K.L.:
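My questions all concern the structure below.
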Amino acid sequence: MLQSALVLGATGLVGKGLVQQLCVDDRYQTIICLIRKPLPNNFFSVKSDKLQLIVVDFDCLDDYQGYFYNSHTYVCLGTTLKRAGSKAAFRKVDFEYIHVAAQLARKAQSFVWISSVGANANSGNFYLKVKGELENAILGMSQLKHASAVRPSLLLGERQESRPLEKIGLFVSGILSPLLVGKLAKYKPVQARDVARQMIRLQVF
């Protein structure tokens with residue numbers, strides 16, 4: 001049976017790659033992307049009649065509940081503290097929007113979102129604490145049929161925005177990568193396209 005997919009965060013590093021993989025996946029007949037603003041016609045390298053781009057207000061996701069009845073929901077939303085401007089604004093994107101999406105997707109066949117390696121609700125690191133709190137909130141929702149989180153380390157790929165601190169982290173990780181083996185392997189930088197591929201694998205077909 002052909003599936004339908006809903007994607008939030010389609011313009012990010014993982015989200016863009018995810019959409020392009022979904023467009024060439026014969027198991028999907030429809031891919032709906034909820035986006036903040038219109039995109040250039042050439043934003044995605046793959047052209048597909050499956051793809052539908054819907055501009056929405058993420059502060060009012062409840063108004064778009066009908067889109068969440070798709071078979072599979074993918075959430076690639078995420079920001080940085082610097083870009084968000086404050087901890088409250090960061091939490092709105094990285095916790096509230098995703099938590100609301102999970103609640104709206106309770107009738108979906110499965111729900112997959114991006115968390116982070118080291119996510120822990122008890123962490124002293126604000127970023128990891130928020131990621132951990134979100135994992136606890138979503139995985140504790142009994143009404144979700146199937147929910148899974150991917151927990152990548154630093155992401156490799158071409159970003160449209162500049163993230164100097166992330167570049168430093170990637171440089172240091174590149175030097176240390178040969179030492180990251182066994183239990184430490186999860187901290188190795190990972191290609192965004194591989195994270196997208198893992199998200200698809202986690203869905204229930």
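Values in this document were obtained by computation on a predicted structure and should not be read as measured data.
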K.L.:
Should Tyr74 and Tyr67 be counted in the same cluster of Ile, Leu, Val, Met, Phe, Trp and Tyr side chains packed under 4.5 Å apart?
P.N.:
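In one cluster with Tyr74: Tyr67, no.
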K.L.:
What distance do Glu133 atom CD and Asp94 atom CG have between them, rounded to the nearest 0.5 Å?
P.N.:
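Separation between the atoms: 12.0 Å.
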K.L.:
Between atom CD of Gln20 and atom OG of Ser48, what is the distance when rounded to the nearest 0.5 Å?
P.N.:
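These two atoms lie 11.0 Å from each other.
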K.L.:
Take Phe58 and Leu77, measure what side chain to side chain contact (heavy atoms under 4.5 Å, CB included) needs, and give me the verdict at the end.
P.N.:
CA-CA 11 Å; Phe58 277 80; Leu77 292 172; 4.0 Å; yes
K.L.:
Considering all heavy atoms of both residues, which atom of Ala192 and which atom of Leu13 are nearest to each other, and what is their separation?
P.N.:
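For Ala192 and Leu13, the tightest heavy-atom pair comes out as CB-CG, 3.6 Å.
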K.L.:
Give the cluster check for Val150 versus Val75: same hydrophobic cluster or not, with ILVMFWY residues linked at side-chain heavy-atom distances below 4.5 Å.
P.N.:
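As far as the 4.5 Å side-chain criterion goes, Val75 and Val150 are not connected within one cluster.
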K.L.:
Can you tell me how far apart OG (Ser71) and CG (Leu6) are? Round to the nearest 0.5 Å.
P.N.:
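That separation rounds to 10.5 Å.
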K.L.:
Within 45 degrees of the axis of the six-membered ring of Phe68 and under 6.0 Å from its centre: does Lys107 put its NZ or CZ there?
P.N.:
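The answer is no, since Lys107 fails at least one limit relative to Phe68.
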K.L.:
Could you tell me whether Glu135 and Lys131 make a salt bridge, using a distance below 4.0 angstrom between a side-chain N and a carboxylate O?
P.N.:
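No, this pair does not count.
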K.L.:
If we count only N and O atoms by modelled type, under 3.5 Å, do the side chains of Ser4 and Gln29 hold a donor and an acceptor together?
P.N.:
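Judged by distance alone, the side chains do not pair up.
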K.L.:
Could you check Phe126 against Phe90 for ring pair (Phe, Tyr, Trp, His ring centres under 6.0 Å), going step by step and ending with a plain yes or no?
P.N.:
CA-CA 10 Å; Phe126 177 74; Phe90 173 86; 5.7 Å; yes
K.L.:
Step through the shown structure and confirm whether more than 12 heavy atoms of other residues, nucleotides or ligands are within 6.0 Å of NZ on Lys37.
P.N.:
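For Lys37, atom NZ is not crowded (no more than 12 foreign heavy atoms under 6.0 Å).
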K.L.:
Looking only at non-hydrogen atoms, find the nearest pair between Pro152 and Val190 and report the distance.
P.N.:
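So the two residues come closest at CB-CG1, 3.8 Å.
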K.L.:
Are Phe205 and Met199 linked, directly or through other ILVMFWY residues, by side chains that come within less than 4.5 angstrom of each other?
P.N.:
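Shared cluster, yes.
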K.L.:
Write down the atom of Asn136, the atom of Ala121, and the distance for their closest heavy-atom approach.
P.N.:
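Taking Asn136 first and Ala121 second, the nearest heavy atoms are ND2-CB, 3.4 Å.
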K.L.:
Testing the basics here: between Gln191 and Leu156, what is the closest heavy-atom pair and its distance to 0.1 Å?
P.N.:
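Looking at all heavy atoms of both residues, the closest pair is OE1-O, 3.4 Å.
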K.L.:
Between Asn70 (side chain) and Ile32 (backbone), is there a donor-acceptor pair under 3.5 Å?
P.N.:
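A pair under 3.5 Å: no.
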K.L.:
How close do Ala149 and Leu202 get, heavy atom to heavy atom, and via which atoms?
P.N.:
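Heavy atoms of Ala149 and Leu202 come nearest at O-CD1, 4.3 Å.
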K.L.:
Give a yes or no answer on whether the side chain of Lys50 reaches the backbone of Cys23 with a donor-acceptor pair at less than 3.5 Å.
P.N.:
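Here the side-chain-to-backbone pair exists.
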K.L.:
To the nearest 0.5 Å, what is the distance between CE (Met1) and CZ (Arg27)?
P.N.:
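It comes to 13.0 Å.
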K.L.:
Quick check for you: to the nearest 0.5 Å, what is the distance between Met141 atom CE and Gln103 atom CD?
P.N.:
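Between Met141 CE and Gln103 CD, I get 5.0 Å after rounding to 0.5 Å.
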K.L.:
Is the shortest side-chain heavy-atom distance between Trp113 and Leu8 below 4.5 Å?
P.N.:
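Counting from C-beta outward, Trp113 and Leu8 never come under 4.5 Å.
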K.L.:
What do you reckon, is CG of Asp63 surrounded by more than 12 foreign heavy atoms closer than 6.0 Å?
P.N.:
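Buried by this count: over 12 neighbours within 6.0 Å.
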K.L.:
Between Arg151 and Ser115, is a side chain to side chain contact (heavy atoms under 4.5 Å, CB included) present by the stated rule, with each step listed?
P.N.:
CA-CA 5 Å; Arg151 302 176 105 198; Ser115 183; 4.2 Å; yes
K.L.:
Are Leu155 and Tyr127 linked, directly or through intermediate hydrophobic residues, by side-chain heavy-atom contacts shorter than 4.5 Å (ILVMFWY only)?
P.N.:
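No, it is not one cluster - the side chains of Tyr127 and Leu155 are not joined through contacts under 4.5 Å.
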K.L.:
Consider only side-chain heavy atoms of I, L, V, M, F, W and Y, link residues closer than 4.5 Å, and tell whether Leu61 and Ile54 are in one cluster.
P.N.:
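Yes; tracing contacts between hydrophobic side chains, which count when under 4.5 Å, links both residues.
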K.L.:
Test side chain to side chain contact (heavy atoms under 4.5 Å, CB included) on Ile31 and Cys33 and set out the steps.
P.N.:
CA-CA 7 Å; Ile31 299 124; Cys33 300; 4.2 Å; yes
K.L.:
Thinking salt bridges, do Asp57 and Arg36 make one under a 4.0 Å N-O criterion?
P.N.:
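No.
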K.L.:
Would you call Asn122 and Lys129 a side-chain contact if the rule is heavy atoms closer than 4.5 Å?
P.N.:
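Sidechains of Lys129 and Asn122: no contact.
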K.L.:
Indicate yes or no: at least one non-hydrogen side-chain atom of Lys145 is less than 4.5 angstrom from one of Gln109.
P.N.:
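They are not in contact (no side-chain heavy atoms under 4.5 Å apart), so the answer is no.
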K.L.:
Please check this pair: side chain of Glu96 against backbone of Arg91, looking for a donor-acceptor N/O pair closer than 3.5 Å.
P.N.:
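Side chain of Glu96 to backbone of Arg91: no pair is present.
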K.L.:
What orientation do His72 and Tyr28 show, parallel under 30°, tilted 30 to 60°, or perpendicular over 60°?
P.N.:
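His72 and Tyr28: perpendicular rings.
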K.L.:
In the structure I gave you, are the side-chain heavy atoms of Leu144 and Ile138 within less than 4.5 Å of one another anywhere?
P.N.:
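The answer is yes, as the side chains (C-beta and beyond) meet within the 4.5 Å cut-off.
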K.L.:
When rounded to the nearest 0.5 angstrom, what is the spacing between CZ in Phe43 and CD1 in Ile35?
P.N.:
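Phe43 atom CZ to Ile35 atom CD1 measures 8.5 Å (nearest 0.5 Å).
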K.L.:
Counting only N and O atoms by type, is there a donor-acceptor contact under 3.5 Å from the side chain of Gln203 to the main-chain atoms of Thr73?
P.N.:
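Side chain of Gln203 to backbone of Thr73, a donor-acceptor pair under 3.5 Å: yes, one is there.
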K.L.:
Compare every heavy atom of Phe44 with every heavy atom of Ala10, then report the nearest pair and how far apart it is.
P.N.:
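Smallest heavy-atom distance, with atoms named: O-CE2, 3.7 Å.
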K.L.:
Hey, mind stepping through Leu22 and Leu51 against side chain to side chain contact (heavy atoms under 4.5 Å, CB included) and telling me if it holds?
P.N.:
CA-CA 9 Å; Leu22 293 175; Leu51 190 57; over 6 Å; no
K.L.:
Checking the side chain of Ser86 only, and the main-chain atoms of Ala89 only, is there a donor and an acceptor separated by less than 3.5 Å?
P.N.:
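Yes, the answer is positive, given that a donor and an acceptor are paired below the 3.5 Å cut-off.
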